[in-house]
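All values derive from a computational prediction rather than experimental measurement. A, B, ... follow the sequence lines: proteins, then strands. Residue 1 opens every chain.
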2 protein chains.
Amino acid sequence: MAREGARSKDSAKPGIKEVAAVAGVSPTTVSRVLNNRGYISQETRDKVHAAMKRINYTPNDIARAMLNGRLNLIGMIVPYVSSPFHAQAVQAVERTLAENGFKMLLCNSANRPDLERSYIDMLRRNMVDGVIVNSLNIGAEAYAEMGLSLVGIDCDLGETSVQIASDSYGIGELATRRLIDDGCSRILCLRNNSRMRMPANKRTDAYHDVVEQAGLPALVREVEFVKSDDEKSAVVAKILDENPDIDGIFAGDDTMAAICLNVMKRRGLSAPDDIKVVGADGARRTMTFMPDLTTVRQDIDRIGELAAQSIIALVNGEKPESNTKLPVELIEGKTA
Amino acid sequence: MAREGARSKDSAKPGIKEVAAVAGVSPTTVSRVLNNRGYISQETRDKVHAAMKRINYTPNDIARAMLNGRLNLIGMIVPYVSSPFHAQAVQAVERTLAENGFKMLLCNSANRPDLERSYIDMLRRNMVDGVIVNSLNIGAEAYAEMGLSLVGIDCDLGETSVQIASDSYGIGELATRRLIDDGCSRILCLRNNSRMRMPANKRTDAYHDVVEQAGLPALVREVEFVKSDDEKSAVVAKILDENPDIDGIFAGDDTMAAICLNVMKRRGLSAPDDIKVVGADGARRTMTFMPDLTTVRQDIDRIGELAAQSIIALVNGEKPESNTKLPVELIEGKTA
């Protein structure tokens, strides 16, 4: 019913023909002015713009896109927009896109390869100009085959793409060193299970290097990012049962750090007294909810801005910096 | 550069020109058939359709939308997708839309009327089929004028729209009663300053009713949702300075509850011993980060699903339930 209203409204709206009649030019000329194509004198251009203003004509982006092959539309694929890192990154990307006349089609892949593939098909059918990917669960070729502008946040999408990431090795290094400096000798490292080789894996590489240099044993366990918090809690409880000597945890990200602290609390264990805990990411909301968390902060706003600026540059045929690694910072809290 | 790849790839697929050649008509005629514009005889129309079928020409979603006036595209306006309620709602809406072949254009209005207006223009230019609004900072007429399907989450967008909201009065009632049952006699109620009359205002209405019935004084203060956490902290600190007898806080939402708890902690005050604090919303991530928070939980996933289902029904010309109020639940934590 609302749709019927829309249609009758649309058909009453002035179109190119009406603009042409008022301006005293042909519809083709109006179309050329709108799309900036062919030679048009300034005088004609002014007449057309005056006519558009006079009859309150707003050109439609879709019609224009059919003509010039460009919608200024960007797809963004995240696993879950409700996770603190992705929520803040999506917000920064969208604001930066909007400030530059671009729009975002949001996709939550839940880290499922099948959903990610169907989003790629959807984005292709909808003529997006570029894709920002924040979680890769399929081969990067699937994106390369789109032949579009590509930006990976913590994802390598291939040679012609742009990659924006924090210094992942630095995250693992700062967190692990902090725990060793605190006197921990049996440090657990939690990591998301990632099907793909992603820069974030370097957090674990750094953990391995740092504990080895310190002559300490490595203890790495995977926790599936897609599991529910209850399931993750059960995994953490089992790890603590099997390794009662754990005295430090590099949780991989802040949500896992929160889950570890909650499991510990239910067992009467506290941080930093019984087990020291360091998270990673430091999203704004997380720090408001858990101001005592010791974590390694990424500059998520900057990551989002850079991702948006890079995809716009690529769409415009420019060549932005292809690989940006942003510095990270240890935030001293009270859990380590 | 990536864009060039896209163009050459596209040109390999059959296009309007190829359809025209096979049908023995001009490309303009094909375009007219696709866009249902101008006079076209049935015979020509049939020839074009046969040619499209013969060379396996599939108009993309955009071209098809030009044909049938429908993109299956929904705009969603939130103030900040990084706030826990909105992040979870957007995720639930997007997943439900995607499962039904619809797509979401995400808009972060930052609660700024100017941005909200420019998003409305953008959505209109992009031929969205409907809009889901989760924060209203301008008159609802601006949406009604779009002539599209409309769903308001906690927003009344006018007679022909659908409204999905939690029982906002229940939120204020449960929270305030909980504080009174706890023995509080000087209860502060924080609220977002809302320019518009929104259902969420009923949280404060309930607070007023409940404290009045209990013979207690009302103390309501506004905290602008758009301010930074530091600015909000300063506002809370000032309120506590001016009202040292406050022994209970209904914080309006969980983020404000976290900010109150942080300000209290810096002054050596703890909850529930010195001041009891109750939040509202109970987003999944919030409860992981603050498992001890006493709050009133909304069924955010259900709100998102219903909003998506309702907008799809409206776009399909069906008549979904126009006003759904979802129950809320007091979550017993340790801050009250």
Relative to chain A, which segment of [X] carries a heavy atom at a distance below 4.5 Å: side chain, backbone, both, or neither?
X        : value
B:Asn108 : both
B:Asp121 : neither
B:Thr286 : both

Of the backbone (N, CA, C, O) and the side chain (C-beta and beyond), which part of A:Asn316 lies under 4.5 Å from a heavy atom of chain B, both, or neither?
->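 Neither part; nothing is under 4.5 Å.
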Would you indicate whether the side-chain heavy atoms of [Y] and [X] approach each other to under 4.5 Å?
X        : Y        : answer
B:Leu73  : A:Leu105 : yes
A:Lys103 : B:Leu106 : no
B:Arg285 : A:Asp229 : yes
B:Leu115 : A:Glu99  : no

Closest-packed option against chain A by number of heavy-atom pairs under 4.5 Å, given B:Ala92, B:Ala89, B:Cys107 |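 The option with the most such pairs is B:Cys107.
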Taking every heavy-atom pair that is under 4.5 Å apart, which of B:Met287, B:Arg95, B:His86, B:Gln88 has the most such pairs with chain A?
->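 Of the options given, most contacts go to B:Arg95.
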Heavy atoms only: give me the nearest B:Thr288-A:Ile259 pair and the separation to one decimal.
->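 Shortest heavy-atom separation between B:Thr288 and A:Ile259 comes out as CG2-CG1, 3.8 Å.
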Do you know which two heavy atoms are closest between A:Ser82 and B:Ala87, and how far apart they sit?
->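 That closest heavy-atom pairing would be CA-CB, 3.8 Å.
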In chain order, what residues pass the side chain to side chain contact (heavy atoms under 4.5 Å, CB included) check against B:Met290, with sequence neighbours excluded?
->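 Testing B:Met290 for side chain to side chain contact (heavy atoms under 4.5 Å, CB included), a comparison that skips the adjacent residues, returns A:Phe289, B:Ala258, B:Leu261, B:Leu293.
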Report the distance from atom OG of B:Ser109 to atom CD of A:Glu94, rounding to the nearest 0.5 Å.
->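 It comes to 9.5 Å.
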